[in-house]
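These notes concern the structure reproduced below.
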Amino acid sequence: MQASQEDVSAAKPADGDVQNDEDRPPPGFGESSDAVKDIARQLESTVKVNEGETVDEPDLSLKSAGLREQPEAEITTKTEGDSIYAAAQKFEDLPLSPELLKGLYVEMGFKQPSKIQASTLPMILTPPYRDLIAQAHNGSGKTTCFVLSMLSRVDPSVPFPQALCICPTRELVVQNLNVLRRMAKFTTISSTSTATELEDGGIRRTPIKEQVVVGTHGKLKNWVTKRLLALENVAILVFDEADEMLKADAFADDSVRLINQLRKKNPKVQLLLFSATFNDEMKRFAMSIARQANQVFVAKEKLSLDVIAQYNVRCPDRTAKTRVLKEIIFPNCDRLGQTIIFVRTREAARTLHAEMDRDGYKCTSISGEKAPEDRDRVVQEFRDGTTKVLISTDVLSRGFDVSQVTLVINYDVPIERDGRSPAYETYLHRIGRSGRFGRKGAAFNLMSTAQDMEVMARISSYFNKPIAELKWDDEDQFIEVLNKTL
DNA sequence: AAAAAAC
């Protein structure tokens, strides 16, 4: 069942693609290349000062950006048409405005592009602005790729929406908008999101003027039908967690409709599909939607992260799972950094939280049944470190980035909505919530039924990743493992 | 039966 992948490192024969007027580089490129070099020189000194401040780390280049890197050979790249793309060694090699470069170096503290950034950014930012399907490991710097791409394709003098980013959850919208605003700090580019409405206090009634819009489908669709969001000037459309956004039983209908609407208004709109996971089915579907797209893929066997230690915990029953939390996890909380406990249903999130609360174990919980303002508050407290343990449904399984999370507990092993099949992608995304920012992480999979064990066995073989087993009532063993890995 | 969201 292995998908055969074309490995094309060199350019393919010409396909008759001619550059035209609309294919000119974005503002800030070309005419200002000297200015770019100037600011790069100015910034060099700033960067060196920063380097001196963190002397204990010998290799800063990747750690400082909080990125995970993978060997070149594990990534398959396929370029379309006659375009040749040179990997960007430095951000200065890319057509970025001085203001954006400053944002990268000064505000974000980045030093050089990560692998995925070095290979995809030239593909994205070089005319004729082809579509891109890009897969890269959790924490490898995908957000920077598409945020930078959106910002660099906006013309600051045009006061209309020009870049759109669609995400599966409210939390991801908030997170991506925050990254975008930081990166845009030295530009005049405006931005908003579907989650920003609460701050504005009330329902939106005036058309959106902001140049970048980040959002979830429901409200975005509402804005479009009410003509509050004009699509005419949108030049770039990004799907974060793209395989999820194109899933048949989920967001596919809304996503495809939006793509079609946009292409009708502007046939040249650039489509970017980013995710850490694309199974064969989603890969095919993505390619059928973005036919001329450049592609970057990672084999699934290379996807499971070695920086995250994974253990199966065989429990006699569901009660024993709770005892693991109470007797082993919570008592060691302070040393652990932060913990996310994933459960399958909203009800499980609610009841487990209630039980832990009743017995004096301090934690919070989040799921789609909570009010948006409650969700915002719970997430903010967790980000602040006020709360150490968070119980969550899969609302946070993808993309949620809190650097202090070292431990992920799969209280319920991830299964598909049929209630039986292993949810391979969900597993990978869940455990990827730990070990952020170049830190280590651990994941415990609590199993109590034969089905649980079957599911974990299949997940383990799918990713070709052996998972060791821990005894559920042996605290010393847990401690030993935690001390070793964290 | 997770997730987005709505007048």
Side-chain angles (χ1 to χ4, degrees), chain A residues 164-177 192-198 200 202-205 208 213-229 237-259 261 275-277 282 340-353 365-376 378-379 390-400 408-433 451 455 459:
Chain A
L164 235 52
C165 174
I166 323 296
C167 316
T169 64
R170 172 187 181 81
E171 284 67 28
L172 222 39
V173 166
V174 172
Q175 183 175 293
N176 285 335
L177 182 69
T192 190
S193 84
T194 53
T196 316
E197 211 165 77
L198 286 177
D200 301 347
I203 309 295
R204 177 177 278 277
R205 298 188 191 286
I208 291 161
V213 180
V214 185
T216 45
H217 268 313
K219 196 169 283 187
L220 222 49
K221 191 165 53 174
N222 184 255
W223 285 355
V224 173
T225 50
K226 284 181 174 167
R227 295 171 188 269
L228 295 170
L229 175 60
L237 171 65
V238 178
F239 284 96
D240 192 10
E241 309 298 342
D243 61 328
E244 175 79 359
M245 301 309 294
L246 294 173
K247 230 182 191 174
D249 65 345
F251 301 109
D253 290 351
D254 289 334
S255 298
V256 171
R257 188 182 303 114
L258 182 64
I259 292 168
Q261 278 178 324
S275 181
T277 52
M282 295 318 299
I340 301 180
I341 301 170
F342 283 107
V343 294
R344 192 170 63 89
T345 64
R346 297 172 172 193
E347 190 196 3
R350 194 192 323 122
T351 55
L352 183 60
H353 183 191
S365 68
I366 187 169
S367 79
E369 74 178 14
K370 293 205 165 199
E373 47 271 42
D374 291 337
R375 288 167 61 161
D376 289 350
V378 167
V379 164
L390 175 56
I391 299 167
S392 174
T393 60
D394 281 322
V395 67
L396 292 188
S397 63
R398 283 173 174 259
F400 186 58
V408 165
I409 312 271
N410 283 314
Y411 188 88
D412 294 313
V413 299
I415 52 176
E416 297 290 352
R417 289 180 66 175
D418 62 12
R420 287 174 288 123
S421 319
Y424 303 109
E425 288 76 28
T426 304
Y427 177 77
L428 207 74
H429 285 282
R430 280 185 181 182
I431 66 169
R433 295 317 99 216
Q451 182 189 276
V455 164
I459 287 176

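Below, read A as the first sequence line, B as the second, and so on, with proteins coming before strands; counting in each chain starts at 1.
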* Value rounded to 0.5 Å, distance of CD1 in A:Ile340 from CG in A:Asn410 -> 10.5 Å
* For A:Glu347, report the nucleic acid contact type (base, sugar-phosphate, nothing); a contact means any heavy atom under 4.0 Å. => nothing
* **Positions of residues 390-400 of chain A (non-hydrogen atom under 4.0 Å from DNA chain B), listed by number** => A:Thr393, A:Asp394, A:Val395
* To do: Verify the contact: side-chain N or O of A:Thr216 to OP1 or OP2 of B:dA5, cut-off strictly under 4.0 Å; return yes or no.
  => yes
* Among B:dA2, B:dC7, B:dA4, which nucleotide sits nearest the side chain of A:Arg170? -> B:dA4
* Asked: Can you tell me how far SG of A:Cys165 sits from CG of A:Asn176, rounded to the nearest 0.5 angstrom?
  -> 5.0 Å
* **Atom pair distance, as rounded to whole Å: CZ in A:Arg350 and P in B:dA2** => 9 Å
* Asked: Closest to the A:Thr194 side chain: B:dA5, B:dA6, B:dA2?
  -> B:dA5
* Structure fact -> Across all chains, not counting sequence neighbours, the side-chain contact (heavy atoms from CB on, under 4.5 Å) partners of A:Thr216 are A:Val173, A:Thr194
* To do: For B:dA4, take OP1 and OP2 only and decide whether either is under 4.0 Å from a side-chain N or O of A:Lys221.
  => no
* Structure fact -> A:Leu220 CG to B:dA6 P, in whole Å, measures 11 Å
* Can you tell me the distance, in whole Å, between the CD1 atom of A:Ile340 and the P atom of B:dA2? => 19 Å
* Asked: Between A:Lys226 and B:dC7, does any side-chain N or O lie under 4.0 Å from OP1 or OP2?
  -> yes
* To do: Consider the side chain of A:Phe251, meaning its heavy atoms from C-beta on, and name the nucleotide among B:dA4, B:dA6, B:dA1 that approaches it most closely.
  => B:dA4
* Roughly how many Å is it from CG in A:Leu228 to P in B:dA6, rounded to a whole number? -> 12 Å
* Verify the contact: side-chain N or O of A:Arg375 to OP1 or OP2 of B:dA4, cut-off strictly under 4.0 Å; return yes or no. => yes
* Quick one: A:Ile166 CD1 to B:dA5 C1', roughly how many Å, whole number? -> 14 Å
* Asked: Can you tell me how far C1' of B:dA1 sits from CD of A:Glu416, to the nearest Å?
  -> 13 Å
* Excluding sequence neighbours, so at least two apart, what forms ring pair (Phe, Tyr, Trp, His ring centres under 6.0 Å) with A:Tyr424? -> A:Tyr462
* Atom-pair distance (CZ on A:Arg346; C1' on B:dA2), nearest Å -> 7 Å
* Spacing of NZ belonging to A:Lys221 relative to CG belonging to A:Leu229, to within rounding of 0.5 Å -> 14.0 Å
* Asked: Is the shortest distance from a Lys or Arg side-chain nitrogen in A:Arg398 or A:Asp243 to a carboxylate oxygen in the other one below 4.0 Å?
  -> yes
* Structure fact -> When rounded to the nearest 0.5 Å, the distance separating CG of A:Leu428 from OG1 of A:Thr277 is 7.0 Å
* To do: Figure out the CD/P separation between A:Glu373 and B:dA5, and round it to whole Å.
  => 12 Å
